[in-house]
Amino acid sequence: MEPFSEKIYVTRPVLPKIEEVTEKLQEIWDSKWLTNNGEQHLRLENELRQFLKVPYLSLFNNGTIALMVACQSLRLSGEVITTPFTFAATPHVLSWNNIAPIFCDIDSETMNIDAEKIESMITPHTTAILAVHVFGTPCDTEKIQEVADRYGLKIIYDAAHAFGVEIGGCGIGNFGDISMFSFHATKLYHTVEGGALVHGDKNLKPRIDLLKNFGIKNEDEVVMPGINGKLDEVRAAIGRIMLNYVEGERQKRIALHKIYNEELSSVEGLKLMPVVAENVKLNYQYYVIRIDEKIFGRSRDEVYDEFKNYNVYTRKYFHPLCSDYTCYRQLNSSRAENLPVANLIGRQVLNLPMYGELPENDVRKICAILKSFKR
Ligand code: T4K
């Protein structure tokens, strides 16, 4: 098989028509209001609140700062139980808040934190659970809530991948105490860089908004050590435009998922994205497979390397596991024997190219290339 003539990346950003952006830029230029709670910002907060079906929402300049502020807003300290199978940002926000991340093993189907194992990791120092809806697949929110209630723990959901996901018609941001969404360029919905915190507590919104604005209450009072987490007007305007693109992009990805599933479901040694409950609305942001080397005859790393010979750049999200980072590997909870499922999946997982502009025939060819690797 011939390699692709151009590089096929794991994803490409969804781009609005440039004219739509320049029109909005003109509005911003005319207003001479570039950041600090301008009109675009206020409007986007409202529009997103409706889109995500959540009571309260605060915009941020990226998801990582948003998550840092979430920890501060809930006054977390001590230890927080989280997953090792996530992007670096998740445990790092704990460290930046002087909180010890405690890694809990993951569920072998959803690849999310194993809710059944959380209880055994709780100590007198535990203040919260920081769970991630990995690749947009919802966590076991019921079980996590039940454990948290029993021990008086807070719950933060890292919903960086879960924009627009719903359970039984309820926006995914309504679970736990706070959820964070990332609006990074590589996400289904983006503001180039950006993010948001959402929650259902009206008393929390003023605190979050102070924390993201240096703790400045007014010209005479600074009431807490805040940070600069503000989203500017240009990105807020792009975010408003992008809201019109989300469902179209999602539909294109559904079609590509279908082709991947048709082509790959009968290949022995490949496990496809988890099948989730019927009442879950997914966003189809990523396409993820697991490769069982013993059955497929090739390791994940061999497949990843060989794909490059065909100009296909897949990704190993999330390898290395956070528990293997040099800054966390000395933790007791990082020991491989405590995390058997995460360690297995970390060696098997591969993200295949997934973005609306990817032609269907390219997906078929990617599948044919993958099948040709089988021994
Ligand atoms: N929690 C979780 C669970 C997360 O996954 C993330 C971010 C966060 C928290 C933090 O949220 P933010 O602070 O980022 O809002 C990418 C994204 O940068 C990152 O946002 C995302 N997760 C992560 C899963 O993926 P990288 O290091 O893999 O990005 P990069 O630059 O290698 O891009 C991936 C591919 O996308 C490239 O191969 C080509 C394509 N691409 C990328 C960019 C930036 C483009 O075509 N154009 C572009 O402009 O982290």
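Just follow the structure's listing: the first ligand is 1, and inside any ligand the first atom is 1. Treat the numbers as computed from the prediction; the structure is a model and nothing was measured.
- At the top of the distance list for atom 1 (N) of ligand 1, counting protein heavy atoms only, stands Asp158 OD2, 2.6 Å.
- Ring-plane geometry between Tyr284 and His257 is classed as perpendicular, the angle between the planes exceeding 60 degrees on a 0 to 90 degree scale with a lower cut at 30.
- Taking distance alone, with nitrogen or oxygen atoms compared against 3.5 Å, His161 approaches ligand 1 more closely than that limit.
- There is no side-chain donor-acceptor pair under 3.5 Å between His190 and Tyr245.
- Within a 4.0 Å radius of atom 26 (P) of ligand 1, the protein contributes at least one heavy atom.
- The protein heavy atom nearest to atom 39 (C) of ligand 1 is Tyr9 CD2, 3.7 Å.
- The protein non-hydrogen atom at the shortest distance from atom 15 (O) of ligand 1 is Ser182 OG, 2.7 Å.
- Residues Glu193 and Phe183 have side chains not in contact (no heavy-atom distance under 4.5 Å, counting atoms from C-beta outward).
- The single protein non-hydrogen atom nearest to atom 30 (P) of ligand 1 is Arg315 NH1, 4.0 Å, given as residue, atom name and distance.
- Taking every non-hydrogen atom of Pro13 and a distance limit under 4.0 Å, the qualifying atoms of ligand 1 come out as 45 (C), 46 (O), 47 (N).
- In terms of polar-atom proximity, Tyr286 is not counted as a contact of ligand 1, lacking any N or O under 3.5 Å from an N or O of the ligand.
- Side-chain atoms of Asp107 and Val341, non-hydrogen and from C-beta on, never get closer than 4.5 Å to each other.
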message: One pair to check against side-chain hydrogen bond (donor to acceptor under 3.5 Å, both in side chains): Lys205 and Ser58. What are the steps and the verdict?
response: CA-CA 7 Å; Lys205 169 101 173 124; Ser58 299; 3.1 Å; yes

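- Here the heavy atom of the protein found nearest to atom 6 (C) of ligand 1 is Phe87 CD2, 3.3 Å.
- Comparing Ala162, Ala159, Gly195, Ala160 against atom 2 (C) of ligand 1, the shortest heavy-atom distance belongs to Ala160.
- If you number the atoms of ligand 1 from 1 as listed, the ones under 4.0 Å from a heavy atom of Thr90 come out as 1 (N).
- When hydrogens are left out, the protein atom nearest atom 43 (C) of ligand 1 is Thr186 CG2, 4.1 Å; that is the closest non-hydrogen contact.
- Note on Glu293 versus Arg375: no salt bridge recorded, every NZ/NE/NH1/NH2 to OD/OE distance being 4.0 Å or above.
- In summary, the atoms of ligand 1 found under 4.0 Å from a heavy atom of Met180, numbered by their order in the structure, are 9 (C).
- At least one test fails for Lys187 against the ring of Phe163: distance under 6.0 Å to the centre or angle within 45° of the axis.
- Note: Phe318 and Phe135 have parallel aromatic rings, judged against thresholds of 30 and 60 degrees for the angle between ring planes.
- When side chains are defined from C-beta on, Arg300 does not count as touching Arg290, because their heavy atoms never get closer than 4.5 Å.
- Taking a cutoff of 4.0 Å between a charged side-chain nitrogen and a carboxylate oxygen, Lys53 and Glu166 qualify as a salt bridge.
- Residue Thr64 touches ligand 1 through backbone and side chain together, judged by heavy-atom distances below 4.0 Å.
- Considering backbone and side-chain atoms alike, Lys187 places an N or O below 3.5 Å from some N or O of ligand 1.
- Checked against the 6.0 Å centroid threshold, Tyr328 and His92 count as a close aromatic pair.
- Considering only non-hydrogen protein atoms, atom 35 (C) of ligand 1 sits nearest to Val10 CG1, 3.9 Å.
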- request: Evaluate the criterion side-chain hydrogen bond (donor to acceptor under 3.5 Å, both in side chains) for residue pair Glu221 and Asn218; output intermediate values, then yes/no.
  value: CA-CA 5 Å; Glu221 290 173 283; Asn218 55 46; 2.7 Å; yes

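- Residue contact annotation: Tyr317 has a non-hydrogen atom under 4.0 Å from ligand 1.
- Taking 4.5 Å as the limit, some side-chain heavy atom of Met1 sits within range of a side-chain heavy atom of Tyr310.
- Ligand 1 has no nitrogen or oxygen under 3.5 angstrom from a nitrogen or oxygen of Thr86.
- In summary, the atoms of ligand 1 found under 4.0 Å from a heavy atom of Ala89, numbered by their order in the structure, are 8 (C), 9 (C), 10 (C).
- Nearest to atom 18 (O) of ligand 1 among the protein's heavy atoms is His184 CE1, 3.0 Å.
- Close approach of ligand 1 to Thr11 is summarised as follows: ligand atoms under 4.0 Å from at least one heavy atom of the residue are 36 (O), 39 (C), 40 (C), 46 (O).
- The shortest N or O to N or O distance between Gly63 and ligand 1 is below 3.5 Å.
- Listed by number with element, the atoms of ligand 1 under 4.0 angstrom from any heavy atom of Gly194 are 15 (O).
- Aromatic pair Phe373/Phe307: ring centres closer than 6.0 Å.
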